[in-house]
There are 2 protein chains.
Amino acid sequence: MKSDRQPPMTDGKQRLENMLEALKSRGYRITPQRLAILKILAQSRGHPSVESIHKEVKAVFPTTSLATIYKTLTLLKELGQVLELGFADWGSRYDGNRPYPHPHIICTKCGAIVDPESESMSVMTQEMSQASGFRITHHRLDFFGLCPQCQKEE
Amino acid sequence: MKSDRQPPMTDGKQRLENMLEALKSRGYRITPQRLAILKILAQSRGHPSVESIHKEVKAVFPTTSLATIYKTLTLLKELGQVLELGFADWGSRYDGNRPYPHPHIICTKCGAIVDPESESMSVMTQEMSQASGFRITHHRLDFFGLCPQCQKEE
DNA sequence: TTATCTCTGGATAATAATTATCCATAACAC
DNA sequence: GTGTTATGGATAATTATTATCCAGAGATAA
Ligand SMILES: [Mn+2]
Ligand SMILES: [Mn+2]
Ligand SMILES: [Zn+2]
Ligand SMILES: [Zn+2]
């Protein structure tokens with residue numbers, strides 16, 4: 001009955017507050033450019049790319065450099081406030097709503113990335129650690145395929 | 001009872017035959033350089049990098065170019081004979097023994113990559129497909145942490 | 001408000017893995 | 001063996017990301 005919309009852990013507002021606090025509490029300045037980037041990350045549900053963030057920020061501050069986007073993302077990564085999905089073949093994508101490892105489903109045609117609900121990773125991590133002797137710190141799980149929209153257009 | 005050694009689907013010999021057949025049957029030539037690369041991929045269990053393959057091949061054919069390694073790996077990927085593990089931050093690693101999606105455990109300190117035994121991915125894939133509406137074609141699952149050796153050296 | 005001090009943004013160069021290009025030559029079917 | 005054509009080697013090009021540099025914005029206190 002209820003939608004297939006995926007509610008984040010917290011709403012965008014709360015996430016923005018968390019990010020701002022993470023910066024402020026460590027003495028980082030809240031500049032207009034940074035604020036704009038944080039807002040985009042906190043509100044977006046589509047795992048934006050560096051380019052798309054840059055485009056959005058430039059709509060408000062036209063002189064914004066690409067380097068500023070990269071710098072801010074690097075900072076947020078260090079503070080654990082954003083999850084980077086790095087890809088070998090194309091640019092990275094970022095999740096500011098769930099800055100911790102979680103599965104993703106990626107459309108290989110249009111590039112859409114969505115967050116499925118899932119829990120079973122923790123048990124699997126446990127098993128892996130047990131069997132291999134590794135002390136596992138994090139993981140990355142991507143599913144690839146065609147989204148419903150792109151299936152129609154086939 | 002049985003060892004913790006990880007037996008590949010087939011032994012190196014058989015894998016080499018499969019790869020050679022995949023090339024021959026489609027009209028690709030078996031050059032000394034290609035043969036050397038295939039042997040390395042078929043025998044190695046450590047998910048070699050382009051650089052390490054290059055180094056090994058050059059030991060036999062000193063004039064071998066890095067481009068040749070890349071070309072051969074691209075070809076084998078197209079034929080489904082090697083699995084590429086692409087990383088955003090460092091070079092790719094390759095699995096010639098299990099050229100299909102399977103989990104990996106990666107040491108973030110020394111770069112070791114091992115194949116754990118695991119089955120539970122297929123059920124998880126099923127769930128994901130069901131819940132998201134995606135038609136899932138493949139996946140990628142990496143666990144990151146410290147290998148037993150690097151834990152000791154901490 | 002003003003002075004001071006440091007952090008940050010913008011411009012641009014540098015980096016590094018991978019891919020593209022070019023052509024002499026090795027592979028292989030005949 | 002010969003002829004055709006794919007392949008190897010050298011090298012340039014590509015592209016996402018990082019490093020560098022410095023003017024100026026933001027914080028802070030007088
Ligand atoms: Mn996500
Ligand atoms: Mn493997
Ligand atoms: Zn799509
Ligand atoms: Zn290690």
Side-chain angles (χ1 to χ4, degrees), chain A residues 19-40 47-79 81-94 111, chain B residues 19-40 47-79 81-94 111:
Chain A
M19 289 175 153
L20 285 173
E21 180 54 26
L23 288 177
K24 281 185 204 166
S25 70
R26 308 209 193 189
Y28 293 105
R29 297 176 183 168
I30 308 300
T31 66
Q33 294 91 337
R34 280 185 178 163
L35 184 57
I37 296 170
L38 296 201
K39 280 182 182 171
I40 291 166
H47 305 83
S49 65
V50 172
E51 284 297 344
S52 72
I53 295 173
H54 187 215
K55 188 175 292 183
E56 257 192 271
V57 175
K58 271 200 301 188
V60 188
F61 305 101
T63 66
T64 306
S65 164
L66 200 49
T68 298
I69 314 295
Y70 276 109
K71 286 178 195 166
T72 302
L73 286 170
T74 299
L75 181 55
L76 291 172
K77 274 190 283 175
E78 286 169 5
L79 301 180
Q81 292 297 318
V82 73
L83 179 73
E84 177 177 43
L85 301 178
F87 296 94
D89 335 15
W90 61 95
S92 288
R93 303 280 290 267
Y94 297 86
Chain B
M19 290 175 153
L20 285 172
E21 179 55 27
L23 287 178
K24 282 185 202 164
S25 70
R26 307 209 193 187
Y28 294 105
R29 297 173 183 172
I30 308 301
T31 66
Q33 294 91 336
R34 279 185 178 164
L35 184 57
I37 296 170
L38 295 202
K39 281 181 181 171
I40 291 167
H47 304 82
S49 66
V50 172
E51 284 296 344
S52 72
I53 295 171
H54 186 216
K55 188 175 293 184
E56 257 193 90
V57 175
K58 270 199 300 188
V60 188
F61 305 101
T63 66
T64 306
S65 165
L66 200 49
T68 298
I69 314 295
Y70 277 109
K71 286 177 195 167
T72 302
L73 286 170
T74 299
L75 180 55
L76 290 172
K77 274 189 285 175
E78 286 169 6
L79 300 180
Q81 293 297 317
V82 73
L83 179 72
E84 178 177 43
L85 301 179
F87 296 94
D89 335 13
W90 61 92
S92 288
R93 304 281 290 268
Y94 298 86

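These numbers come from a predicted model, not from an experiment. Throughout, protein chains are lettered first and strands after them, A, B, ... in sequence-line order, and every chain is numbered starting at 1.
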Pairs: protein N or O with nucleotides 12-22 of chain C N or O, under 3.5 Å:
residue: C:dT18; atom: OP1; partner: B:Ser92; partner atom: N; Å: 3.1
residue: C:dT18; atom: OP1; partner: B:Ser92; partner atom: OG; Å: 3.1
residue: C:dT18; atom: OP2; partner: B:Tyr70; partner atom: OH; Å: 2.5
residue: C:dT18; atom: O5'; partner: B:Tyr70; partner atom: OH; Å: 3.4

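Sorted by first and then second residue, the side chain to side chain donor-acceptor pair (under 3.5 Å) pairs involving residues 84-94 of chain A (not counting sequence neighbours) are A:Lys77-A:Glu84, A:Glu84-A:Ser92, A:Glu84-A:Tyr94.
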Sequence neighbours excluded and cut-off under 3.5 Å, please list the side-chain donor-acceptor pairs for residues 27-39 of chain A, or say none.
residue: A:Thr31; atom: OG1; partner: A:Arg34; partner atom: N; Å: 3.1
residue: A:Arg34; atom: NH1; partner: A:Arg29; partner atom: O; Å: 2.9

Identify every side-chain donor-acceptor pair in residues 53-71 of chain B under 3.5 Å, counting partners at least two apart or on other chains, and give the distances.
residue: B:His54; atom: NE2; partner: B:Thr64; partner atom: O; Å: 2.9
residue: B:Thr64; atom: OG1; partner: B:Phe61; partner atom: O; Å: 2.6
residue: B:Ser65; atom: OG; partner: B:Ala67; partner atom: N; Å: 3.0

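Distance check, rounded to the nearest 0.5 Å: CZ of A:Arg26 to CG of A:Leu79 gives 5.0 Å.
The nearest whole Å value for the distance from the CZ atom in A:Arg93 to the C1' atom in D:dA16 is 15 Å. As rounded to whole Å, 13 Å separates atom C1' of D:dA10 from atom NZ of B:Lys58.
With sequence neighbours left out, B:Glu21 forms a side chain to side chain contact (heavy atoms under 4.5 Å, CB included) with B:Ser25. Looking at residues two or more places apart in sequence or on another chain, you find no side chain to side chain donor-acceptor pair (under 3.5 Å) involving B:Lys24.
Remark on the helix from C:dT1-D:dA30 to C:dC30-D:dG1: inter-end axis angle 40°, axes from five-pair C1' superpositions, rounded to 10°.
Against DNA chain C, the stretch residues 21-38 of chain A makes heavy-atom approaches under 4.0 Å through A:Tyr28, A:Arg29, A:Thr31, A:Gln33, A:Arg34.
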